[in-house]
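Below, chain A is the first sequence line, B the second, and so on; all start at residue 1. All of these numbers come straight from a predicted model, not from anything done at the bench.
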Amino acid sequence: MSGSETAAKTVKERAKEALRNDFLRQAVRFTTDRLRNARLQAAGEQGNWEAWRERGRQIRSHTIAHLDYYLNRFAENARANGAHVHFAESAEEAVRIVLAIAERKGARMVAKSKSMVTEELHLNRALENIGVKPVETDLGEYIVQLAGETPSHLIIPSIHKNRRQTADLLSKEAGEELPTDTPALAAFVRRRMREVFLAADIGMTGCNFAIAETGSIVVFENEGNARMVSTLPKTQITLMGMERIIPTWADLEVMATLLPRSATGQRLTVYMSGISGPRRPGDGDGPEELHIVIVDNGRSLQLGDPEFQELLNCIRCGACLNVCPVYRHIGGHAYGGTYTGPIGAVLKPAFRKNVAEWDDVADASSLCGACAEACPVKIPLHDMLVALRRRKVEAGRAKRPEALAMRAYAAVMGSAGRLKGALRLGRLAVKPIARDGFIRARIGPLAGWTRHRVFPAPAAEPFRERWTGLRLELEREPAAMDPAVRRRLEEALRRRQAEKREGGDERHGG
Amino acid sequence: MADEAYREWLAGLDAESRRRQQAFLDALAAKLGRPRVTEPPPHPFRGAPDFWKEYELSPEERIERFIANFRASGGHAFRVSGLAEAARFIADKALELGVPAVIRQDEPVLAGLGLESLLPGVEVRVWNEDPAEDWIARAAGAGMGVVLADFAVAHTASIVTLSARGKGRSVSLLPPALAAVIPAGRLFTRLGEVLSRFDETGREGLPAGVHFISGPSRSADIENDLTIGVHGPGIVYALIVDA
């Protein structure tokens, strides 16, 4: 069930499948709750969280606004460190570069640490096609790879797999029945992966941040597998989204404060590694050859677009997934792409020029804004989702019934007479199916709603018809207010105004 | 020879990359609606917010904070009065774990621990002392790695090691247990104090690997169940040495 295969179905169909899977729903809710609470606690402990978020946004926005300068700087410095830097405009180009290196090296096995960019490129399949075995070495990614699936959460890729399924997958690989307890399963993976790290011809990593001023790549991880693949194999290939740049190591402190806390609530991931070029002369480990592939693949479409440029600020923490009411119900696979949750719902369409390829993933949101509030670099994801929907309509890609309904709505709301007539008709139409003031019948256009909840029947005497009487009541001299009540109200008003002045422009509080 | 052909091919790839780079970056500038930026742009938001840069713990507080935070991450942290006590601690743990071999970085301070004489039945090796040997295999076969921290950070409870000829990255990575000796004078309050040093040193002064280690290797990928030591060391001792 790879990304492109799942895309054959609609988001709605995939969501339906996910909703039927009770384990998935419980596991996703449990894990996202755990991560969300850990984030809130870590942000609270750090203190001044809003100031950190704002600084994170400033650094990311500044870098993206000068991306040509910083990328150039990074490439020059990385080369001076002895790395080979490559630029790939498209996924195909990035794949071609990696395959060429693997072929020239006569590589048989590639040990991979977590990299969402390689998922985006479907690089594993491409490597398999030329007879090179890619092995995911992150525990969760390994489980997902053995199952022939794709990650369903940015931080916990195997969120959708239970212990039994995991034990079955690993037992099949081990050729013997493994116990289902975590230490036994982890011990098997440790043994198996040690062989992989030592035998792999190429180590492949992603890149959380790239430091322009020194040409260094920075990787955050908890297991140590990214350190392994960047220490043991003779050749290292790092795949890097072109927007991963930050100017300096000082800026890394801000990212290191925001990313782990937002992702898992940790003060810092267990390992944070800064890699500057291949091993130095005399070094006893580290790669002899380091390739860095800088990938565009649709990212540059956001540059200069006032509604979407900030999308490139994303640091891939997954905080927006954990708070999203839609993700929490349907999990990652329903999004049908590499990136899931609110960020995936924006990235997937935004990285594609052709609106026809957008899918309806931007509709998988309630627009509640929880994602934007959780985002450590303050990306207005819900505004972007609205913009995507608007662009889809403007491109004439809205669904026909929806477009018709909107046109009818405009016609009715545009004239008081038509509205009055429509309301009367509506009251008459629902009369046979309304009971005790509610509609439960699953018919017509109401079925989508009434399948899961009841719909309130229109009032017998609607507001518009009661208005004449109501206005007369209002126009009568109001009764004098109790002086005590009046004092209290005035006091409350003064307090609120004073608070507003002190609070300044802090929009999110806390 | 094939090697030469490969080098030639690689040089061709690099030349191709430099050509592409200009078109790639020109396209970005065009999308941003302006000419290429070639001079360093003013970067007024560099690094942490100002209030944070003023945050500093006293040396005592730093030690306490490091120990508390390192323990909270599942590591073992202790304060010891001197190198002799650190040496005894490491030797005791090596015996307790029953490790067949210990591998340490090639650092005078670590040589001064005298682990060889404290661990008569255990093979104590020094990383890269003989370039002919397979040191990765040596590290993989050792039960404990011993490193001297180049820096440490109290707020995040991080041990920082920089790679060098005698300081292999494998020493802090491959053995199932790790012991780090941290001179108290190398312990800072904030991450930024250590990171900004790398800006000051500049590119030429950086080693190939800078590693921040903040506890034992961990994963929660099997049903959220925390497991330690899945790839890197599962047991990590941080010893803060006074003086």
Item checked: A:Arg280 versus B:Leu206, closest heavy-atom pair with distance -> NH2-O, 3.1 Å
Checklist line | Spatial distance of atom CG (B:Leu10) from atom CD (A:Glu289) [nearest 0.5 Å] | finding: 5.0 Å
Checklist line | Side-chain heavy atoms of B:Asn224 within contact of A:Phe30, under 4.5 Å | finding: yes
Next item on the list: Check each atom of B:Ser172 against the heavy atoms of chain A and say whether the ones under 4.5 Å are side chain, backbone, both or neither.
Entry: both
Check: Which bit of B:Arg34 comes within less than 4.5 Å of chain A, counting heavy atoms only: side chain, backbone, both or neither?
Finding: side chain
Next item on the list: Pick one of side chain, backbone, both or neither for B:Asp134, based on which atoms fall under 4.5 Å of a heavy atom in chain A.
Entry: neither
Next item on the list: Measure distances from A:Arg194 to the heavy atoms of chain B and classify the residue's part below 4.5 Å as side chain, backbone, both or neither.
Entry: side chain
Note to self: Is A:Arg227 in contact with chain B via its backbone, its side chain, both, or neither, using a 4.5 Å heavy-atom distance?
What the structure shows: both
Next item on the list: Tell me, for B:Asn128 versus chain A, whether the close heavy atoms (under 4.5 Å) come from the side chain, the backbone, both or neither.
Entry: side chain
Margin query: Heavy-atom cut-off 4.5 Å, strictly under: side chain, backbone, both or neither for B:Ser170 against chain A?
Written below: both
Item checked: Region of A:Ile211 that comes under 4.5 Å of a non-hydrogen atom in chain B -> neither
Check: Non-hydrogen atoms of chain A under 4.5 Å away: do they reach the side chain of B:Trp135, the backbone, both or neither?
Finding: neither
Check: Do the ring planes of A:His62 and B:His43 sit parallel (below 30°), tilted (30 to 60°) or perpendicular (above 60°)?
Finding: parallel
Note to self: If we check side chain to side chain donor-acceptor pair (under 3.5 Å) with B:Ser17, which of these qualifies: A:His84, A:Arg79, A:His86?
What the structure shows: A:Arg79
